[in-house]
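Shown next, in structure tokens, is the structure this report addresses.
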Amino acid sequence: LFYFLATYLFTLFLYLILQEIKFSSRSALFWGVTSSAAGVLTANFIPEHTYYIFLIAFFFAVNLVFFWTIYNALYFKYSEKEEHGFKSGVYFILFPVLGSILSPLSGMVVEKFGYHFLFSSAMLLYAIPLVFVFYLPKFKFEFKTFHAFSKIEHPVLMTFQGYIFMLTTNLIPIFTLFFINT
């Protein structure tokens with residue numbers, strides 16, 4: 001829970017300090033992917049140093065700000081407006097589907113080769129998005145956090161979406177740990 005709280009606080013802090021700063025979309029995506037890789041690499045060392053959880057939270061906060069913000073801007077800027085709803089729905093169903101497939105696969109890799117192998121081999125997969133970053137459209141992006149907050153059309157729906165995300169990705173998985181016996 002401290003990890004998730006730290007991630008959200010670091011993310012909010014980054015959005016506030018980056019206010020009015022311009023970035024190239026490609027460089028932001030590059031740093032977003034790189035920070036995610038750094039988080040995975042750092043997770044490899046948690047058994048020895050549990051306080052690394054806060055460093056990992058920072059790396060994934062940087063990923064949220066630089067990768068996912070630009071990703072969403074690219075999606076809405078370059079996709080057809082009429083397809084936003086359907087394609088967003090398909091996109092959001094990918095996470096649970098891939099999670100249900102890749103989680104047991106990761107567990108098998110851990111049982112056979114260990115956590116260090118899992119995290120180290122995952123680092124190789126980061127080469128794929130790093131290559132694609134340089135082929136995506138390039139544009140200047142300016143963080144306008146306060147302006148974005150003022151443009152939220154349905155704040156109640158956004159709040160519920162945030163609660164649902166927190167519940168399904170954070171609280172439920174952590175709560176289920178109480179029922180693990182082996």
Side-chain angles (χ1 to χ4, degrees), residues 3-4 7-8 10-12 14-15 18 23-40 43 56-57 59-110 118-119 121-145 147-176:
Y3 161 77
F4 291 117
T7 302
Y8 296 134
F10 282 139
T11 301
L12 181 61
L14 287 170
Y15 276 127
L18 294 172
F23 291 91
S24 159
S25 59
R26 287 183 184 169
S27 64
L29 286 168
F30 175 83
W31 288 113
V33 172
T34 304
S35 66
S36 181
V40 170
I56 296 166
F59 285 138
F60 283 114
V62 171
N63 172 263
L64 285 169
V65 171
F66 284 105
F67 180 81
W68 290 106
T69 303
I70 302 302
Y71 175 87
N72 284 320
L74 274 168
Y75 174 76
F76 287 108
K77 185 173 183 161
Y78 292 102
S79 64
E80 299 293 326
K81 187 175 183 175
E82 299 79 30
E83 298 177 338
H84 285 174
F86 176 75
K87 287 187 176 178
S88 293
V90 170
Y91 167 75
F92 280 105
I93 197 72
L94 285 176
F95 285 103
V97 169
L98 288 175
S100 64
I101 295 168
L102 296 177
S103 294
L105 182 63
S106 297
M108 289 189 310
V109 169
V110 167
L118 176 71
F119 288 122
S121 62
M123 294 303 299
L124 298 174
L125 296 176
Y126 278 100
I128 298 167
L130 279 176
V131 168
F132 283 127
V133 160
F134 298 104
Y135 294 99
L136 292 172
K138 185 177 181 180
F139 62 91
K140 289 288 181 193
F141 182 86
E142 182 177 356
F143 284 96
K144 295 181 180 183
T145 307
H147 180 71
F149 281 138
S150 71
K151 293 290 185 184
I152 294 174
E153 293 180 15
H154 304 287
V156 174
L157 292 177
M158 293 289 289
T159 303
F160 280 129
Q161 193 272 338
Y163 282 128
I164 289 169
F165 180 79
M166 175 64 128
L167 185 69
T168 58
T169 61
N170 302 339
L171 293 180
I172 291 174
I174 289 172
F175 181 73
T176 58

Original post:
side chain to side chain contact (heavy atoms under 4.5 Å, CB included) between Leu18 and Phe23: does it pass, once the steps are laid out?
Top reply: CA-CA 10 Å; Leu18 294 172; Phe23 291 91; 3.8 Å; yes
Subject >> Pairing residues for Thr145 by the side-chain hydrogen bond (donor to acceptor under 3.5 Å, both in side chains) criterion, not counting sequence neighbours >> reply: Gln19
Original post:
Which residue pairs pass the side chain to side chain donor-acceptor pair (under 3.5 Å) test with at least one member in residues 123-136, sequence neighbours excluded?
Top reply: Ser36-Tyr126
Subject >> Spacing of Asn72 atom CG and Phe67 atom CZ [to the nearest 0.5 Å] >> reply: 9.0 Å
**OP:** Any chance you could measure Tyr71, atom OH, to Leu64, atom CG, to the nearest 0.5 Å?
**Re:** 14.0 Å
**OP:** Sequence neighbours left out, what passes side-chain contact (heavy atoms from CB on, under 4.5 Å) with Phe76? Give chain and number order.
**Re:** His84
Subject >> Nearest-0.5 Å distance that lies between atom CG in Leu130 and atom CG in Leu29 >> reply: 10.0 Å
Subject >> Distance, nearest 0.5 Å, that separates OH of Tyr3 from OH of Tyr8 >> reply: 8.5 Å
Original post:
For atom OH of Tyr75, is the number of surrounding heavy atoms from other residues, nucleotides or ligands below 6.0 Å larger than 12?
Top reply: yes
Subject >> Nearest atoms (heavy-atom pairs only) where Val33 meets Asn63 >> reply: N-ND2, 4.3 Å
Which atom pairs, donor and acceptor, lie under 3.5 Å between side-chain atoms of residues 96-106 and protein residues at least two apart or in another chain?
from	atom 1	to	atom 2	distance (Å)
Ser100	OG	Pro96	O	3.3
Ser100	OG	Val97	O	2.8
Ser103	OG	Gly99	O	2.7
Ser106	OG	Leu102	O	2.9

**OP:** Please test Phe66 against Phe30 for side chain to side chain contact (heavy atoms under 4.5 Å, CB included), starting from the C-alpha separation and ending with a verdict.
**Re:** CA-CA 8 Å; Phe66 284 105; Phe30 175 83; over 6 Å; no
Original post:
Under a 4.5 Å cut-off applied to non-hydrogen side-chain atoms, are Ile70 and Leu136 in contact?
Top reply: no
Original post:
Which is it for Phe60 and Val40 under the side chain to side chain contact (heavy atoms under 4.5 Å, CB included) test, yes or no, and what are the steps along the way?
Top reply: CA-CA 9 Å; Phe60 283 114; Val40 170; 4.1 Å; yes
**OP:** Report the residues that fulfil ring-ring contact (aromatic ring centres under 6.0 Å, His included) with Phe139, sequence neighbours left out, ordered by chain and then residue number.
**Re:** none
**OP:** Under the ring-ring contact (aromatic ring centres under 6.0 Å, His included) rule, collect the residues that match up with Phe141, sequence neighbours excluded.
**Re:** Phe143
**OP:** Say whether, by atom type as modelled, one donor and one acceptor occur between the side chain of Thr7 and the main chain of Ala61 under 3.5 angstrom.
**Re:** no
Original post:
For Pro137 and Ser25, which heavy atoms make the closest approach, and how far apart are they?
Top reply: O-OG, 3.2 Å
